[in-house]
Participant: 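One structure is given below, represented as structure tokens, and several questions about it will come after.
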Amino acid sequence: MFKRYFSVVLAAVMLISILSACSGGGKSTSGTEAGLEKEAPEGEVSGEITVASWNLAADSLTEEAENFMKKYPKAKVKIEYVTSDYNSITPPLTSGKGAPDIMQIQQRDFPNFLDVFEGQFVDLTARLDGKESEFAEVALNLVKDKDGKVMALPWDLGPVGIYYRKDMFEKAGVDPASLTTWDKFIEEGKKIQEANGVKMLALGMSSKDIAEMYRMLMNQLGAQYYDEDGNIKFVTEENIQAVNMFKKMVDAGLVVDAPTWDDRIRAFANDQIATAVYPVWYAGSIKTQAEDQKGKWGIMPMPAFTEGGPNQSHSGGSVLAISSQSENKELAWKFIEYTLMTNEGQDVQMKYGLFPSWQPYYETEKFKEVDDYFGIALSEFFGKLSTDIPTLDYGSNFMDVNDTIVGALGEVIDGKDVEEALKAAEEKAARETGLEISK
Amino acid sequence: MSSVEQEKQTNLAYPNTPVKGKKKFSLLNLSPYIFIAPYFLLFIVFMLYPLIYSFVLSFGNWRAGVTTFVGLENYRMLLTDPMFWKSLGTTGIILIVQVPVMLILATVIATVINSESLKFKGLIRLGFFLPALIDLVTYALVFSLLFNETYGMINQGLKAVGLDGIKWFSDGTWAKVLIIIAVTWRWTGYNSIIILSGLQSVPKDLYESASIDGANRITSFFKITVPMLKPVLLFCTILSTIGTLQLFAEPFVLTGGGPRDETMTVIHYLYSKAFGSFDFGLASAGAYVVTTIIAILSYFQIRLSKGGEI
Amino acid sequence: MQAKREFNKLLLYIIALIGVTISVFPFYWMFTASTLKDSQIFKVPPTLVPGGNFMDNLMNLAGSWPLWRALINSLAVSGITTVTTIFFSALAGYAFAKYRFKGRDSLFFSVLLIMMVPTQVMLVPMFIIMMNFNWMDTYFALIIPYLVTPFGVFLMRQQMLAFPDDLIEAAKIDGCRDFGIFFRIVLPVMKPACAALGIVTFMQQWGNFIWPLVVVSSKEMYTLPLMLSMMVQPGQVVQYGQVMVSAAIGLIPMLILFLFFQKHFVSGVFGGSVKG
């Protein structure tokens with residue numbers, strides 16, 4: 001019975017492989033790789049496009065689309081809600097057909113998309129022509145392919161700050177302005193913990209999120225995962241410094257384990273932590289899930305490693321890319337240009353708490369508005385923290401690289417030597433990605 | 001009566017005799033083929049075709065609609081990846097502990113519900129069945145509420161009575177225990193309802209004659225109930241084995257595979273290869289390895305239980 | 001003796017009570033959370049007394065998500081696939097259990113085998129099929145692949161094994177033909193088994209969200225679990241109160257169905273006649 005069944009299957013497999021071999025090659029849409037021309041064609045945009053995005057970001061685009069369609073009545077823009085783990089956009093990109101015209105992709109994943117789905121995105125370099133510099137460099141860097149061509153527009157940016165509980169700092173007699181270095185943060189942190197019976201930080205120590213804090217620290221120092229030639233290189237002075245500082249915080253007892261997103265929300269909602277090191281977009285979560293703590297939260301810049309050292313870092317953020325499968329690339333361009341490169345479009349983004357990568361907007365009045373919950377001009381504050389963020393190359397295998405770093409961090413916390421752990425991680429990453437280790 | 005009709009009668013007289021050798025049968029009787037046609041039509045289009053497609057994929061490197069044939073490279077990469085073996089080992093440990101624990105618990109619960117002196121049976125059945133209906137969001141929220149190491153209700157309770165909290169998330173072994181608890185919570189009731197239906201078909205006179213022979217409840221449970229339940233338990237065992245080997249939701253929403261990949265199951269691993277690294281070739285290769293393992297295990301389960309005809 | 005029996009009875013109730021409490025707690029919490037504000041949901045110790053925010057959460061939910069449409073879609077998709085799964089599974093199961101025909105065992109083996117393949121890897125090829133059929137974002141894509149499932153065929157075949165052959169033969173003597181026997185004799189007797197398969201199928205369909213995620217793109221086509229997964233994308237603000245309301249609403253049809261059909265569900269089911 002087994003034998004008979006398998007022989008049938010085998011015959012079918014052969015048949016199908018022949019069929020797919022015949023039709024497979026030509027079907028790809030990589031023929032449309034050519035980018036947009038420098039000048040948009042004359043005449044009003046028309047036609048219909050779909051945009052795939054998720055959650056709040058998709059909400060903001062829905063409003064943008066309404067305004068856009070009022071302005072360009074011949075155009076129709078439809079927003080599709082998808083999930084952030086790309087379950088719904090990877091099948092069309094893999095098979096080469098059926099993709100939405102515009103896709104939201106997380107910044108750190110975009111280099112990976114460019115590599116795996118080569119030829120699936122429209123080159124925007126010529127159309128942007130000189131306007132690239134209007135975007136924050138740290139974000140722009142991640143939408144460029146290996147040849148430096150711009151393959152998407154940077155959407156939001158995630159400059160990092162420290163959300164802190166004013167009341168808890170006061171109770172311990174600690175002035176937030178005095179926390180200029182991480183060492184001071186740790187020392188004073190102990191006092192704050194003692195005075196309030198809380199922990200300084202809730203971090204995902206036992207889940208993959210363990211790398212979150214480390215990544216913000218290493219980015220602050222301008223550390224990288226690769227050398228200039230694109231070879232894997234974890235053992236660098238900056239990386240070692242960042243891992244050591246992370247370990248120091250944990251060893252000082254500053255951290256409570258909160259493995260999931262929900263756990264971390266529960267931590268601040270229950271007055272169990274005094275600070276949260278997070279990007280600008282975390283403000284929304286605090287406002288919603290800790291409504292009753294209004295007025296108790298302040299925000300300050302990250303401390304530096306050494307007095308006066310760099311203190312800017314970046315985490316999160318997405319891009320908007322145009323699919324080369326799109327039949328209406330001009331309209332797609334017009335829509336992302338309107339959304340991300342006009343004050344009108346960015347006004348809507350502001351409303352949804354999406355911090356722009358497009359810097360000309362930083363000069364507008366709306367950007368300087370005072371936030372009711374935090375009592376400061378939130379965006380303006382983070383704008384100042386996004387001037388010198390070091391660029392970070394995630395590479396086309398970020399997922400695999402991050403997994404090995406996660407492993408190494410766990411080992412270091414358990415007592416393994418930092419350099420040894422990073423070295424072992426390099427080897428593992430080289431194996432997973434097929435890249436060389438830097439000499 | 002036509003010969004066709006006669007042929008059918010012989011069929012019906014020996015419904016379970018497998019076709020052996022070149023025994024006579026009539027191709028003219030199309031009824032059974034028509035009966036299974038709707039299923040097989042769907043099967044071919046929506047199951048067999050994708051199955052073969054991904055099988056072909058497992059020998060290729062697939063990018064943006066262009067497939068490059070790479071031979072056994074995906075299988076080689078998979079089988080030399082320590083993470084694959086680790087995840088397979090984790091899945092195996094969970095399987096070995098979880099399935100027996102769950103089935104024993106389910107049998108006990110089924111016996112309790114089956115007891116004649118119990119009232120409110122409908123509600124109690126519903127109560128036990130409910131966990132199978134939970135949505136993943138509530139699942140994740142409630143389990144982090146209960147098991148969080150610092151402020152979870154269970155560790156708070158342990159501390160209140162002077163014990164140390166359990167490292168549910170940061171210790172590899174305990175994290176596996178957590179996954180086992182969660183899976184058991186979710187599926188025990190479902191299985192006990194299946195077993196309950198098996199219990200109800202055990203003839204009552206068997207128990208009566210046993211009690212006349214002086215057997216007490218516990219002996220008659222092992223002497224009568226368990227043997228009579230064997231087919232049902234086999235059904236549950238096979239389905240639970242398939243379910244556990246394909247375990248994904250719990251590690252995905254509860255532990256994220258952590259700590260240090262200690263709760264990463266094999267399907268979770270394949271999922272992250274497919275939708276994290278976009279390596280569909282490798283993921284497909286893995287899926288075929290897993291399917292083979294499941295098939296072999298199921299085959300032995302059927303053989304060992306001498307269930308034969310399942 | 002009397003005292004011992006009373007004690008045994010008490011023990012039974014205690015076991016049942018503990019078991020049910022453990023099973024039901026998360027659902028109680030879910031219903032409570034749906035009546036709270038977002039800032040109350042995460043409080044420790046948890047608020048276990050319902051609050052007064054249910055209507056607010058419901059209104060906000062219905063205002064920003066296609067709640068009712070998703071509910072109707074879910075009911076339609078689950079309802080249709082449940083009915084067809086029962087019917088086609090019973091047909092195929094009957095053929096597998098009561099006929100001898102060429103290729104029967106191989107074909108039945110393929111039914112078992114297909115259940116063992118992890119569904120995650122079939123997503124891409126399935127997507128391509130849907131594209132070629134031009135079924136993306138339609139009810140066809142949600143319903144047709146699930147018109148009948150291998151699980152259903154397996155289950156029904158096990159059930160049919162126990163169906164008394166005498167009944168079939170008697171019908172034959174009365175001059176019934178194959179289809180007549182199936183419709184007039186087999187199907188009515190198998191009602192409990194059908195009810196059981198119905199509940200399980202409905203439950204599986206009701207909770208299915210990975211497939212809708214791949215084929216559905218417009219909000220009008222959302223199913224309830226798909227909507228739920230869209231509401232909790234990480235990295236942004238999640239409105240937990242609203243999420244709990246939709247989770248609670250999603251549970252209600254299942255509860256009704258279970259209570260309504262549970263008598264059949266228990267007496268006729270699965271195992272009852274799984275043959276060894």
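Values below: all heavy atoms of this structure, side chains included; hydrogens, waters and symmetry mates excluded. Reminder, nothing fancy here: chain letters follow the sequence lines and each chain counts from 1.
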Participant: Within the structure provided, determine whether B:F43 and C:P150 are in side-chain contact (heavy-atom separation under 4.5 Å).
Facilitator: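 They are not in side-chain contact.
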
Participant: Name the member of B:T188, B:L133, B:L270 that forms the most heavy-atom pairs with chain C at distances under 4.5 Å.
Facilitator: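 Looking at each option in turn, the highest pair count goes to B:L133.
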
Participant: Sort B:S298 into side chain, backbone, both or neither according to what part of it lies under 4.5 angstrom from a heavy atom of chain C.
Facilitator: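 The side chain, not the backbone.
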
Participant: Checking B:M153 against chain C: side chain, backbone, both or neither under 4.5 Å from a heavy atom?
Facilitator: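 Only the side chain of B:M153 comes within 4.5 Å of chain C.
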
Participant: Is the OH atom of C:Y28 crowded by more than 12 outside heavy atoms at less than 6.0 Å?
Facilitator: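 Yes, enclosed.
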
Participant: If every non-hydrogen atom of C:P118 is compared with every non-hydrogen atom of B:A287, which pair is closest and at what distance?
Facilitator: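 Nearest heavy atoms, C:P118 then B:A287: CD-O, 4.0 Å.
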
Participant: Side chain, backbone, both or neither: which part of C:F133 has an atom under 4.5 Å from a heavy atom of chain B?
Facilitator: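 Contact with chain B: side chain only.
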
Participant: Quick one, C:L91 and B:I36 - any side-chain contact, counting heavy atoms below 4.5 Å?
Facilitator: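 No, too far: nothing below the 4.5 Å cut-off.
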
Participant: Minimum heavy-atom separation for B:F129 to C:M203, with atom names?
Facilitator: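 Taking every non-hydrogen atom into account, CZ-SD, 3.8 Å.
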
Participant: With a 3.5 Å distance limit and no angle check, can you tell me whether B:Y33 reaches the backbone of C:K102 through a side-chain donor-acceptor pair?
Facilitator: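 Looks like yes, one N/O pair under 3.5 Å.
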
Participant: Looking at CD1 of B:I44 and OG of C:S110, how far apart are the two atoms once the value is rounded to the nearest 0.5 Å?
Facilitator: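 Nearest 0.5 Å value for the CD1-OG distance: 9.0 Å.
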
Participant: Chain C heavy atoms under 4.5 Å from B:Y139: which part of the residue, side chain, backbone, both or neither?
Facilitator: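 Neither part, no heavy atoms under 4.5 Å.
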
Participant: Please find the pair of heavy atoms, one from B:P32 and one from C:A95, that lie closest to each other, and give the distance.
Facilitator: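 It is O-CB, 3.8 Å.
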
Participant: What pair of heavy atoms forms the shortest contact from C:P145 to B:F46, and how long is it?
Facilitator: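 So the minimum-distance heavy-atom pair works out to CA-CD1, 3.8 Å.
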
Participant: So which part of B:F128 gets closer than 4.5 Å to some heavy atom of chain C, the side chain, the backbone, both or neither?
Facilitator: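 For B:F128, the contact with chain C is made by backbone and side chain together.
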
Participant: Heavy-atom distance under 4.5 Å to chain C: side chain of B:F248, backbone, both or neither?
Facilitator: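 Contact with chain C involves the side chain of B:F248 alone.
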
Participant: Pick one of side chain, backbone, both or neither for C:I128, based on which atoms fall under 4.5 Å of a heavy atom in chain B.
Facilitator: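 The side chain, not the backbone.
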
Participant: Would you mind checking which part of B:L130 comes under 4.5 Å of any heavy atom in chain C, side chain (CB onward), backbone (N, CA, C, O), both or neither?
Facilitator: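 Both backbone and side chain.
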
Participant: Quick one: what part of B:L136 sits under 4.5 Å from any heavy atom of chain C, side chain, backbone, both or neither?
Facilitator: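 Only the side chain of B:L136 comes within 4.5 Å of chain C.
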
Participant: Would you say CZ of C:F140 has more than 12 non-hydrogen atoms from neighbouring residues, nucleotides or ligands within 6.0 angstrom?
Facilitator: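 Counting other residues, nucleotides and ligands, CZ of C:F140 stays at 12 neighbours or fewer.
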
Participant: State yes or no: are the ring centers of C:F96 and B:F35 separated by less than 6.0 Å?
Facilitator: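 Ring centroids of C:F96 and B:F35 are no less than 6.0 Å from each other.
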
Participant: Do you know which of C:I144, C:T149, C:T119, C:V243 has the most heavy-atom pairs under 4.5 Å to chain B?
Facilitator: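 Answer, by heavy-atom pair count under 4.5 Å with chain B: C:I144.
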
Participant: Which region of C:M130, side chain (C-beta onward) or backbone (N, CA, C, O), has a non-hydrogen atom less than 4.5 Å from a non-hydrogen atom of chain B, or is it both or neither?
Facilitator: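 Contact with chain B involves the side chain of C:M130 alone.
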
Participant: For chain B, find which of C:F88, C:F179, C:W206 contributes the most heavy-atom pairs closer than 4.5 angstrom.
Facilitator: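 Among C:F88, C:F179, C:W206, the one with the most close pairs to chain B is C:F179.
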
Participant: When heavy-atom pairs shorter than 4.5 Å are enumerated against chain C, which of B:L57, B:V108, B:I124, B:L141 gives the highest number?
Facilitator: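 The option with the most such pairs is B:L141.
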
Participant: Using non-hydrogen atoms only, which part of B:A37 is less than 4.5 Å away from chain C: side chain, backbone, both, or neither?
Facilitator: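 Answer is neither: B:A37 stays 4.5 Å or more from chain C.
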
Participant: Output the option from C:V117, C:V24, C:L228 having the highest count of non-hydrogen pairs under 4.5 Å with chain B.
Facilitator: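 Going by pairs under 4.5 Å, I would pick C:V117.
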
Participant: Can you check whether B:Y39 reaches C:S89 side chain to side chain, under 4.5 Å on heavy atoms?
Facilitator: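 They are not in side-chain contact.
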
Participant: Run the side-chain donor-acceptor check on residues 12-22 of chain C: report pairs under 3.5 Å with partners two or more places apart or on a different chain.
Facilitator:
unit_1, atom_1, unit_2, atom_2, d
C:Y13, OH, B:K119, N, 2.9
C:T21, OG1, C:L17, O, 2.5

Participant: Over all heavy atoms of both residues, which pair between B:Q246 and C:M116 is shortest? Give the atoms and the distance, please.
Facilitator: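 Minimum heavy-atom separation between B:Q246 and C:M116: NE2-O, 2.9 Å.
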
Participant: Can you measure from CD1 (C:I114) to CG (B:L48) and round to the nearest 0.5 angstrom?
Facilitator: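 With rounding to 0.5 Å, CD1 (C:I114) is 6.5 Å from CG (B:L48).
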
Participant: Please look at C:F87 and chain B and tell me whether the side chain, the backbone, both or neither of the residue comes under 4.5 angstrom of a heavy atom of that chain.
Facilitator: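 Contact with chain B is absent: no heavy atom of C:F87 under 4.5 Å.
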
Participant: What part of B:L126 lies closer than 4.5 angstrom to a heavy atom of chain C: side chain, backbone, both or neither?
Facilitator: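 B:L126 touches chain C through backbone and side-chain heavy atoms alike.
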
Participant: So which part of B:I242 gets closer than 4.5 Å to some heavy atom of chain C, the side chain, the backbone, both or neither?
Facilitator: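 Contact with chain C involves the side chain of B:I242 alone.
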
Participant: For B:V45, is it the side chain, the backbone, both, or neither that has a heavy atom closer than 4.5 Å to a heavy atom of chain C?
Facilitator: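 Both the backbone and the side chain of B:V45 come within 4.5 Å of chain C.
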
Participant: For C:V148 versus B:L42, what's the shortest heavy-atom pair and its separation?
Facilitator: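 Nearest pair, atom of C:V148 first, then B:L42: CG1-CD1, 3.2 Å.
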
Participant: Quick check on C:T84 against chain B: is it the side chain, the backbone, both or neither that has a heavy atom closer than 4.5 Å?
Facilitator: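 Contact with chain B involves no heavy atom of C:T84 at all.
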
Participant: Partners of B:T241 by side chain to side chain contact (heavy atoms under 4.5 Å, CB included), sequence neighbours excluded?
Facilitator: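 By the side chain to side chain contact (heavy atoms under 4.5 Å, CB included) rule, B:T241 matches B:L95, B:T237, B:L245, B:L297, B:Q301.
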
Participant: Which answer fits C:L251, side chain, backbone, both or neither, if we ask what part of it has an atom under 4.5 Å from a heavy atom of chain B?
Facilitator: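 It is the side chain, since no backbone atom gets that close.
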
Participant: Contact part of B:I195 toward chain C, heavy-atom cut-off under 4.5 Å: side chain, backbone, both or neither?
Facilitator: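 B:I195 has no heavy atom closer than 4.5 Å to chain C.
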
Participant: Is any side-chain heavy atom of B:L239 less than 4.5 Å from a side-chain heavy atom of C:F151?
Facilitator: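 B:L239 reaches C:F151 side chain to side chain.
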
Participant: Just verifying a value: how many Å separate C:F101 CZ and B:S31 OG, rounded to the nearest 0.5 Å?
Facilitator: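 Spacing of CZ (C:F101) from OG (B:S31) equals 11.0 Å.
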
Participant: CE/C:M122 to OG/B:S284 distance, rounded to the nearest 0.5 angstrom?
Facilitator: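 Going from the CE atom of C:M122 to the OG atom of B:S284 covers 11.0 Å.
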
